[in-house]
Undergrad: 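Sharing a structure below in structure tokens format, with a few things to ask.
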Amino acid sequence: MKRLFRNAIAAAALTLTAPLAQAQTPPNVLIVGQIAEPQSLDPHVATATNDFRILVNIYDGLVRFKSGTLQVEPALAESWTVSDDGKTYTFKLRQGVKFHDGSNFDAEAVKFNFDRMLDENHPFYNTGPFPLSFNFAAVDQVNVVDPQTVEFKLKEAFAPFLSNLAYPTGLIVSPAAVQQYGKDFGRHPSGTGPFKFVEWQSNQRVVAERNGDYWNEAPALEAVVFRPITDSNTRVAEMMAGGIDVMVEVPPDNIATFQNDPNFAVSEQVGPHVWFSILNTKEGPFKDKAVRQAANYAVNKKGLVDNVLQGTATVSAGPIAPAFDWVKSSVEPYPYDPEKAKQLLADAKVEDPSLTFYITEGGSGMLDPVTMGAAIQADLEAVGFKVKIETYEWNSFLSRVNTGLEGKADMAEMAWMTNDPDTLPYLALRTAAMPDKGGFNSGYYSNPELDTILEKARTSTDQAERAELYGQVQQIVHDDAPWLFVANWKQNAVTRANVQGFTLEPSFLLNLRQVSK
């Protein structure tokens, strides 16, 4: 088996260096064209969906999203109970599960994972930072009841808790591997998932092989190779030539071509996605609310959706994606009204406001960001803004934006795919989520009323009340306009016709355990 696997990987390596016209993927090895190089293969450190698409195939969580939904189902936990006050969750764990390095999965391992992220005194807390540990800020204690039972004590009831456990930040890593590799664990991942990590060659590929001992039936594929191909035109060329089997985030210009070719299959799935531009509310022109509103009126979002994205998205109204259709909101997107934008600028006594606009070459859910950025620049300049664009590779872009825009830029493109209406506003719009506090509020927006509503919404166990509260969040953020609200995307991917069992998930994750070739 090892010899066969080595031969398959050798074939894959030849594929990566072969001329496009001669490219052919090896049998029973799936080659996935990713949009960027991963940041890390440590799920507690990673923040990008690009990385998550790899990680959910190497690791499991206590729970996971049921296929085709955002409903939670058992994974490493066979069952769980919740106390009447919503503050204690008790999980019964599967027996006999081992990490890929041979160490045992048990309640102590679960405790290690969450203590590592949340306890500053934990011996391996320094293997972070853990940017999305905000998802588990409500956790007060993780207690080992017995080897197969673990208990989470929350500080207060927290409605998104199970959903956040199903998100990649809740994936369970091997304590033994963390202890062995320390801060380098992200280059030497070990989980319990359907595929085991083999190698990561920077800017070339991440390779994972079948886990024959997987607790939930071993996958059909012998291996998966994730290739970072940052240029969308190159990804399309590789797909057409046979160099990859799966391509995520198909450029709008190419969808019809693949749909009309029997050698390919196009998948589409609606999910909670928001594409926006962060505005620097701390300094510069966007410190003024009227100027932020002017920018929202100035940009022809419908034109972007219809022409650049060719109908693969809808116009965004605020931070709550329409996929959360249970949220009670009647907020409409800002209409395209350049004359109103000019009037708002005049009333604010802002003349020829100059902006620095960060855009990225590509990245998770970024939807043709260079073309989008140029179109936004043109619309803003048409009403009187002066816009200088600075373009960066995805991981360099994130390192600049996530640390905050102060002293650097006035606006920056961004996209989030989330699992709950709480996630994006809580992590990126709350006063306590400023970059210096470990959050993603890179534009420094602060509204105490919003902060209060967000705290109330996440601790409510009444779904109807949460629906009302998140509707208020949508209205407040829409009016304050700390972002340029642009689009909500319908995700897509293309596969070769011989790939079977492939589906896209509303979570935007890429589960390959049921795929065959």
Side-chain angles (χ1 to χ4, degrees), residues 4-38 41 48-51 53-54 57-58 195 197-210 219-268 361-364 366-368 370 393-395 491-504 510-512 515-517:
L4 290 172
F5 177 70
R6 285 196 296 269
N7 290 341
I9 295 304
L14 289 174
T15 297
L16 305 189
T17 57
L20 287 181
Q22 300 174 10
Q24 184 177 0
T25 61
N28 212 29
V29 175
L30 192 76
I31 314 293
V32 179
Q34 291 270 94
I35 59 176
E37 173 78 351
L41 297 182
T49 300
N50 180 70
D51 300 15
R53 288 172 175 143
I54 301 173
N57 294 287
I58 296 174
F195 294 92
F197 173 76
V198 175
E199 67 171 3
W200 176 1
Q201 294 197 16
S202 296
N203 298 306
Q204 292 188 48
R205 61 185 177 268
V206 172
V207 180
E209 66 177 317
R210 175 200 289 128
L221 293 168
E222 191 170 325
V224 181
V225 179
F226 298 91
R227 290 184 54 196
I229 308 173
T230 56
D231 180 72
S232 59
N233 292 325
T234 303
R235 280 202 309 279
V236 169
E238 287 273 13
M239 194 72 202
M240 297 294 293
I244 56 179
D245 300 302
V246 178
M247 179 175 70
V248 295
E249 303 193 23
V250 184
D253 285 345
N254 301 103
I255 290 177
T257 300
F258 287 118
Q259 285 175 329
N260 295 326
D261 190 328
N263 293 308
F264 304 99
V266 175
S267 301
E268 294 180 323
E361 296 171 352
S364 305
M366 289 307 302
L367 312 184
D368 202 355
V370 174
E393 175 272 332
W394 177 235
N395 288 320
Q491 63 171 318
N492 56 45
V494 62
T495 58
R496 302 197 66 78
N498 64 336
V499 174
Q500 303 297 314
F502 178 88
T503 58
L504 288 172
L510 203 62
N511 295 314
L512 302 176
V515 174
S516 60
K517 175 185 165 187

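By convention here, the first residue in the shown sequence is residue 1. The analysis underlying the following values was restricted to heavy atoms, covering all of them including side chains, and did not include hydrogens, waters or symmetry mates.
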Undergrad: Looking at residues at least two apart in the chain, or sitting in another chain, which of them share a salt bridge (charged side-chain N to carboxylate O under 4.0 Å, His left out) with D245?
TA: K517

Undergrad: Measuring from atom CD1 of I244 to atom OG1 of T495, what distance do you get when rounded to the nearest 0.5 angstrom?
TA: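 Going from the CD1 atom of I244 to the OG1 atom of T495 covers 11.0 Å.
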
Undergrad: What distance separates N511 CG from L504 CG, expressed to the nearest 0.5 Å?
TA: 10.5 Å

Undergrad: Can you check whether F226 reaches N57 side chain to side chain, under 4.5 Å on heavy atoms?
TA: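 When only atoms from C-beta onward are counted, N57 and F226 do touch, with a gap below 4.5 Å.
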
Undergrad: Any donor and acceptor pair, going by atom type alone, linking the side chain of R235 with main-chain N or O of I229 inside 3.5 Å?
TA: yes

Undergrad: What heavy-atom pair brings A220 and V515 nearest, and what distance separates the two atoms?
TA: CB-O, 3.9 Å

Undergrad: Before you tell me yes or no, could you show the steps for V32 and R53 under side chain to side chain contact (heavy atoms under 4.5 Å, CB included), namely the whole-Å CA-CA distance, both residues' side-chain angles and the distance that decides it to 0.1 Å?
TA: CA-CA 10 Å; V32 179; R53 288 172 175 143; over 6 Å; no

Undergrad: The criterion is side chain to side chain contact (heavy atoms under 4.5 Å, CB included); which residues satisfy it with E361, sequence neighbours excluded?
TA: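 By the side chain to side chain contact (heavy atoms under 4.5 Å, CB included) rule, E361 matches T391, E393.
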
Undergrad: Quick check: do L30 and L512 have side-chain heavy atoms less than 4.5 Å from each other?
TA: yes

Undergrad: Tell me if a side-chain donor or acceptor on N260 pairs with a main-chain N or O of A256 at a distance below 3.5 Å.
TA: yes

Undergrad: Let me confirm one number: the CE-OG distance from M247 to S232, rounded to the nearest 0.5 Å.
TA: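 Going from the CE atom of M247 to the OG atom of S232 covers 8.5 Å.
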
Undergrad: Would you indicate whether the side-chain heavy atoms of F195 and L221 approach each other to under 4.5 Å?
TA: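 Yes, their side chains come closer than 4.5 Å.
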
Undergrad: What heavy-atom pair brings T257 and D253 nearest, and what distance separates the two atoms?
TA: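 Heavy atoms only, the tightest pair is OG1-O, 4.5 Å.
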
Undergrad: When R227 is tested against each of Q204, E238, E37 for side-chain hydrogen bond (donor to acceptor under 3.5 Å, both in side chains), which residue passes?
TA: E238

Undergrad: Find the distance between CG (N28) and CZ (R210) and round it off to the nearest 0.5 Å.
TA: 6.0 Å

Undergrad: Quick one: does E209's side chain have a donor or acceptor within less than 3.5 Å of a partner on V198's backbone?
TA: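 Checking the backbone N and O of V198 against the side chain of E209, no donor-acceptor pair under 3.5 Å is found.
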
Undergrad: Begin with the C-alpha distance, continue with both residues' side-chain angles, and end with the deciding distance and a verdict on side chain to side chain contact (heavy atoms under 4.5 Å, CB included) for V236 and F258.
TA: CA-CA 10 Å; V236 169; F258 287 118; 4.1 Å; yes

Undergrad: Hey, what do you get for CH2 (W200) to CG (L41), rounding to the nearest 0.5 Å?
TA: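 These two atoms lie 4.5 Å from each other.
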
Undergrad: Taking all non-hydrogen atoms of both residues into account, name the closest pair between S364 and N50 and its distance.
TA: OG-N, 2.6 Å

Undergrad: How many angstroms lie between atom CD of E268 and atom CD1 of I255, to the nearest 0.5 angstrom?
TA: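 Taking CD in E268 and CD1 in I255, the distance rounds to 5.5 Å.
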
Undergrad: For W394 and G363, which heavy atoms make the closest approach, and how far apart are they?
TA: CD2-CA, 3.4 Å

Undergrad: Between the side chain of S267 and the main-chain N/O of T503, is any donor-acceptor distance below 3.5 Å?
TA: no

Undergrad: Would you mind reporting whether V494 and N254 have side-chain heavy atoms less than 4.5 Å apart?
TA: no

Undergrad: Is any side-chain heavy atom of M239 less than 4.5 Å from a side-chain heavy atom of R496?
TA: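 Contact flag for M239/R496 side chains = yes.
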
Undergrad: Working note: L510 + V248, criterion side chain to side chain contact (heavy atoms under 4.5 Å, CB included); need CA distance, chi angles, decisive distance, verdict.
TA: CA-CA 9 Å; L510 203 62; V248 295; 4.2 Å; yes

